[in-house]
Each structure stands twice: as structure tokens, then as C-alpha cells.
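Shown next, in C-alpha cells, is the structure this report addresses.
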Amino acid sequence: MAAVLRKCKRNGVKLVQQTCSVRFLKKRLPIVGWLPKYNLEKFQGDLIAGLTVGLTVIPQGLAYAAVAELPLQYGLYSAFMGCFIYCLFGTSKDVTLGPTAIISLMTAEYAKGEPKLAIALCLCAGLVQFTMGVLQLGFLVNFMAFPVISGYMSAAAVIIGCGQLKLIFGLKNVRREFIWNIYDTFRKIPETNHWDLTLGIISFVILLIMKWLKDRNWDKNRDPFTPLTTRQRVGRKAIWLIGTGRNALIVIVTTIFAGVLFSNNIRPFTMTKDVPPGFPDVGPPSFSYEHNNRTVEGEEFFSHLGAGIAVLPLIAILETIAYGKAFASRNKYRIDATQELLALGIANIVSSFFGSYPMSCSCSRTAINSTSGVRTPLGGIFAGLLVILALAFIMPYFQYIPSAVLGAVIIASVINMFEYQVIPKQWRIHKPDLLVWIVCFLCVLFLGIQFGILVGVGLGLIIELYGLAKPGTKVDTIDCCPKIAVVRFDKGLSFPASDFIVTTIHDAGLDEPPYKPVILDFTHVSHLDFSVIRSLALSVEEYGTNNTPLYFACVNRDLEGKLKKASIKNLQCFPTVQLATEAILGASIEDGDVHQPILMTELSSDHLDISSDTGEVLQNHISPADKDNHETEV
């Protein structure tokens, strides 16, 4: 007892020392590592990038709040606190947290337009993410294969884009569900507000042109040895600035235009709802709300969130880690995935006290942040401060933003999320992946987000398990002796393949008389489990019963040790297929019987009993008679 207490004390002291060390502090609070090295040059880069991202996140926040079916101010409530928290705990200089298209769509799915549900969902998502970070469970997102992610994101892009058509056409009372949304949109086309349609189309086209100009490779046909003129440098910088801030620019211009018309009592456009000015109320989320003239609280409150408590945090983790790793690789630095989980979780938890709905990493804003020359996570501070200034001073003017413009901003933002280019690639490379992509895509569209993801993940796992149950095998014959079969396995063998292995080995040599000797080529096999070894023992026993050799070749040392410990009677292993072939041919020449073995591998006394299907236990040791025969042959 005293020894146990001393050991616990030593472990406790060691844990305290590790937790209180400078290294641990830098790992869990990364700002401690880079802030002492901060300088004016980094400040300039962070300031420019932060202001650029801020000009992007303001119109996007308003638009994504509309996607989440929440009042527009909640898009800005979700856009600043995450920037501050990530500056303290994040490990990527490029990542920016805030509202995104995917998470906004999922918020609409689970919060159903109720702000209190959305804020509570933000807190729950943060708690789940923080817990996963503490337990280092980020690997769970690896079960979402690329076809599932791509199919889901493509379907989400279609749902979000089609959901904004009602704003472009100026339609009212269009249902949210995808099928009914499409039905109501086409049914109500005669009610189109032509002013909204015209403004929406013009805004969308301008946004695409500005994006094309920003992304165009202007140096493609230029002589690399000819320096740029001052006019060319200024022009390219202007194009980049305009293209980067295109969302803010189009919103500002159309808002001024609509405001001038409104002041002259001309109201051709459908305007956004009034946005209350000021900072959000600070406090813990409320776990009750009024629904159908009654108060929903307690267990019923959380039941309304449904599967969103589990599904939404995983999607947010997937977005954040995937984009963080991509930009870290591009800019040649590394991120800590576990710390990213913790940072995202803390950001959502704290943001829920400021009226935020769930957030994650935005791909478009992260790309802008990176190309703008951000140097440290401090750039997010400037973006967050710009959002706070917008909340404080320009919120009353948001009522003049035409709804059609916000719809155009959203559609232009999500149009690249539809990954059509992966369809022919999957068809050429691996057709089952395309099946997963199509099934996930259709299920997200017609069954809902959580069912689509679950079906996609399930189908992907089924296909993977089918590959384990029926591993790739190739049955050949020896050129010099076609009466000898060689069975080659192309990967490790696991328990789902047990029956398949027995059937394959049987058909290779014992399918029909005259029986063939068989050599199992284990060149590419690196893993065997108990069930597979048991199946191999049954095959060896079956061949022995039919007086036909079944030899093992090219078995690595670890697997050969496992086979020996299984005490398989008449087990024979050879370093190469050629030696196994020579053993079979040598036995045939010497004894006139191709089925007579000439070499017995020595078995280890450290063994494992494996029973046959008939319930008989295989012998643990070689019988004395077998030992005498072996010594005589040697």
C-alpha cells in the first residue's frame, strides 16, 4: 500500500511539473511563444490583413445569418469574439474563425430560426469540441472519407444557393426544405420582383468578374526578365484590393443607392429587416424559449437541438483542421491539431456568451488572410475590432441593404463549393468512391444533413469492410510446373476475410482431382490476426487430409513467429517461392510422389491452441513418430 502511494505521489509530482513548465505553457497558450518576438514589420502585415478580412467578414456575416435563418445582427455577433480567442490559443497564423456557409446551413437545420436555440447550440458545440481536444479524439473525423466530405459540401452548396433564389427573385413565404424550396420558387416565379431580379443578377455578375480579375494570372504571357512599370504595379494592387473586398464594395454601393432612393420615398427593392444597433447582451445562453405560446425548457429544449449537438461540432472540426493544415503546408509551418480543437472549442464556448451561433474556420477568409500577408494570429484582433466598430456605428444603415444583394453575395461565395471536378477523377481512379459521393450528395439533398452524412460514412465503411472481407488475391501456376498453384495476397489479412481465405485456398488446389500442391505467397502480407491464422490452420489440415502439400513462402519473421506459436501440424515455411517449388519437385523426384513433404519447420514450445470446425484440438507438439521420421529424413 505504501509503495502504491509513493508511486501515485511521484506521478502526481511529475504531472504538476509538466503542467507548470514553460514548454507546456507555450504548447497550450501559443501566444506566449510568438508574442515576445513581435515587431513593427509583423504589426504592419497583421494590420493590413486584419482590416482586409474585416471588410470581408462584415457582409459575409450578414449574408450567412440569413442562411442560418437568424436576424442579421447574429452574423456579426458570431464574427468577432472567435478572432480574439483564436489569437490566444490558435496555432495557425492564417486561420480565421467566424460564421461559415456550411455551419450556417446546419444551424438553420437544427435551430429552426430560433436565436436562443442557435446560441445554446454554439455552447454545446464548444463543449463537445473542447472535450474532444482534451481527450485527443480528433482522429474521429478521419472516418469521414473524402467522397463523403466532397459530396456533403457539394450538396450543401446546392442547398444554400437554391435557398437564396427567393431573395434574388424577391419572393415571399418560400419553405426551407430543399424539395419544397425548389417547388415554391418555381411556383411563385410569376410573383417575381423584377427590380430585385435585375439588381441581384447585376450584383452576381459583377462579383464574378471582380473575382476573375483578382485570380487571373497576369504574368502568364509576360517576359519574366522585363520589370513591371509603376503603372502596372499600382494597377495590379488596385485590382487585388477591389477583388478582395468585392463583397463589402458591392454591399456599400448598393446600400447607398437603395438608401438614396428610400430617402426620396422610392422603394423598388426588397430590403432587409431592421437591425438593432449596438453590442449584444453579454451573459450565459438561455436554455428556454417561447414556442407556440408555451415555454420550452429542460429536456425538451435539448431534444429540439437533436443530432446537431454531435454532428455540427464534427463538421466544424473537419473544416478548421482541414483548412488549417492546408494553409500551414502551403506556407511551410506546422499546426497542432489537438490545440486547434481546444482553440475552436474555447472560441465557441466564450462566443456563446456574446450571442454567437456556432462558428468554424472560413476557407475564403483564411485564403484572404494568407494572401494579404498576415504574419501572426494577431491579425484576427484587427478583424474583430472592425466588426465591433460596425456594430457600434453603422448597424442602423444595414436596413438599406437590398436582400437581393445579400443573396448574390452568398451564391457567389458558395458556387466554388460544388466540387464537380472530382466526379470524373473518381470514375477513372476508384469507382466505389464515386458511388459514395453520389449517395451522400443525394441523401443530403433529400433526407437532410445528418442522414446524408451518416449514410455516406456508413457506405464508405461498408465498402472498406468489403475490401477486408475479400482481399485481392491472384492464383497463378509455376511456369516450369503448371501442376503447382501459387496463391498471392496483396495486403494484410484480417478476420473478415477468414472464410474467403479458406475458400480461395481450397479452390486453388482441391477444387477437383487431380489435386495440386499450393504455395501461399506472403510477400505483401504484413498482418495476420487470430481468426486468419485459425483459417490457415484449417486449410493446412484439409490439405494434409488429402495428402497434398500446402507450403508458405516469403513469410516475414514476425508472421512466421505467430504461425509457429499456433502449433499448426505439418506447417512448412520457405524463404522464397522458388525454394518451396524445388521442395515439391524434389519430393516428387526422390519419392515418386509429389505429395510427400521433405522439410518440416521446427515448432516453438510457446504455442497457441486453435480448434478446427469439428471441435477437434490440433496437436500442441509434434508426435514422437513424426520426430523420428524428421530425424531420419535429415
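Since this is a predicted model, take the numbers as computed values, not measurements.
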Apply side-chain hydrogen bond (donor to acceptor under 3.5 Å, both in side chains) to Y357 and S104, showing your working. CA-CA 8 Å; Y357 69 85; S104 298; 2.9 Å; yes
Any donor-acceptor pair under 3.5 Å from Q339 side chain to F89 backbone: yes
Please determine whether side-chain hydrogen bond (donor to acceptor under 3.5 Å, both in side chains) holds for the pair T272 and Q399, giving the CA-CA distance in whole Å, both sets of side-chain angles, and the decisive distance to 0.1 Å. CA-CA 5 Å; T272 59; Q399 63 177 316; over 6 Å; no
CD1/I206 to CD1/I201 distance, rounded to the nearest 0.5 angstrom? 12.0 Å
For L55 against A248, the heavy-atom pair lying closest together: O-CB, 3.0 Å
Full working for side-chain hydrogen bond (donor to acceptor under 3.5 Å, both in side chains) between H304 and Y110: CA-CA 7 Å; H304 284 194; Y110 298 114; over 6 Å; no
Inter-residue atom distance I321.CD1 - C361.SG, 0.5 Å rounding: 10.5 Å
Sequence neighbours excluded, which residues qualify as ring pair (Phe, Tyr, Trp, His ring centres under 6.0 Å) partners of Y183? W180
Enclosure of F418 CZ (heavy-atom neighbours >12, cutoff 6.0 Å): yes
Centres of the F80 and F279 rings: under 6.0 Å? yes
Let me know which of S362, C363, S360, S92 forms a side-chain contact (heavy atoms from CB on, under 4.5 Å) with Y323. C363
Report the residues that fulfil salt bridge (Lys or Arg N to Asp or Glu O under 4.0 Å) with E300, sequence neighbours left out, ordered by chain and then residue number. R294
Minimum heavy-atom separation for G324 to I335, with atom names? C-CD1, 3.6 Å
Side-chain donor-acceptor pairs of residues 122-138 under 3.5 Å, sequence neighbours excluded:
unit_1: Q129; atom_1: OE1; unit_2: N348; atom_2: ND2; d: 2.9
unit_1: Q129; atom_1: NE2; unit_2: P313; atom_2: O; d: 3.4
unit_1: T131; atom_1: OG1; unit_2: L127; atom_2: O; d: 2.8

Can you confirm whether more than 12 heavy atoms, excluding those of E464, are under 6.0 Å from its CD atom? no
Take the angle between the ring planes of F441 and W437 and call it parallel below 30°, perpendicular above 60°, tilted in between. parallel
For K93 and N331, what are the C-alpha separation, side-chain angles and deciding distance, and is it a side-chain contact (heavy atoms from CB on, under 4.5 Å)? CA-CA 10 Å; K93 71 179 182 64; N331 295 319; 3.8 Å; yes
Assess whether atom CZ of F446 is packed by more than 12 heavy atoms of other residues, nucleotides or ligands within 6.0 Å. yes
Can you check whether F301 and F287 have ring centres sitting under 6.0 Å from each other? yes
Go through the steps for L378 and I381 under the test side-chain contact (heavy atoms from CB on, under 4.5 Å), then give the verdict. CA-CA 5 Å; L378 193 65; I381 297 292; 3.5 Å; yes
Are the side chain of N193 and the backbone of W195 linked by a donor-acceptor contact shorter than 3.5 Å? yes
Main-chain N/O of S288 paired with S286 side-chain donor or acceptor, under 3.5 Å: yes
Heavy atoms of other groups near K188 NZ, more than 12 under 6.0 Å: yes
Between K172 and E191, does at least one N-O distance fall below 4.0 Å, as a salt bridge requires? no
For a 4.5 angstrom cut-off between non-hydrogen side-chain atoms, does V174 reach L171? yes
For T107 and A118, the nearest pair of non-hydrogen atoms, with its separation, is CG2-CB, 3.9 Å
Note: A347 and L97 closest approach over all heavy atoms is CB-CD1, 3.8 Å
Is it the case that the ring center of Y400 lies less than 6.0 angstrom away from the ring center of F257? no
Mark yes or no for whether S150, through its side chain, and F146, through its backbone, hold a donor-acceptor pair below 3.5 Å. no
Could you check whether any side-chain N or O of S370 sits under 3.5 Å from a backbone N or O of A367, counting only pairs where one atom can act as donor and the other as acceptor? no
When you look at F204 and L207, which way does the side-chain contact (heavy atoms from CB on, under 4.5 Å) test go after all the steps? CA-CA 5 Å; F204 178 73; L207 287 170; 5.6 Å; no
Can you tell me how far CG of L105 sits from OH of Y64, rounded to the nearest 0.5 angstrom? 11.5 Å
Does a sphere of radius 6.0 Å around CG in D215 hold more than 12 heavy atoms from other residues, nucleotides or ligands, not counting ones at 6.0 Å or beyond? yes
Please find the pair of heavy atoms, one from P71 and one from A65, that lie closest to each other, and give the distance. O-CB, 3.8 Å
Please assess C83 against T96 for the test side-chain contact (heavy atoms from CB on, under 4.5 Å), listing each intermediate value before the final yes or no. CA-CA 6 Å; C83 299; T96 59; 5.6 Å; no
Side-chain donor/acceptor of E114 to backbone N/O of K116, under 3.5 Å: yes
Ring-face cation of K214 near W212 (centre distance under 6.0 Å, axis angle within 45°): no
Measure from the side-chain N and O atoms of T192 to the backbone N and O of I189, and report whether any donor-acceptor pair falls under 3.5 Å. yes
S78 side chain to P99 main-chain N or O, any donor-acceptor pair under 3.5 Å? no
So, D196 side chain and T270 main chain: donor-acceptor pair closer than 3.5 Å or not? yes
Any heavy-atom pair between the side chains of M210 and I242 that's under 4.5 Å? yes
Quick one: pull up CG in D184 and CG in N173 and give me the separation to the nearest 0.5 Å. 9.0 Å
How long is the gap from CG on L72 to CD1 on I401, to the nearest 0.5 Å? 7.0 Å
Please say whether more than 12 non-hydrogen atoms of neighbouring residues, nucleotides or ligands are located less than 6.0 Å from CG in D281. no
For N369 versus V374, what's the shortest heavy-atom pair and its separation? O-CG1, 3.2 Å
Return yes if some donor-acceptor pair links the side-chain N/O of S356 with the main-chain N/O of S352 below 3.5 Å, else return no. no
Would you give the length of the straight line joining atom CD1 of I368 to atom OG1 of T52, rounded to the nearest 0.5 angstrom? 8.0 Å
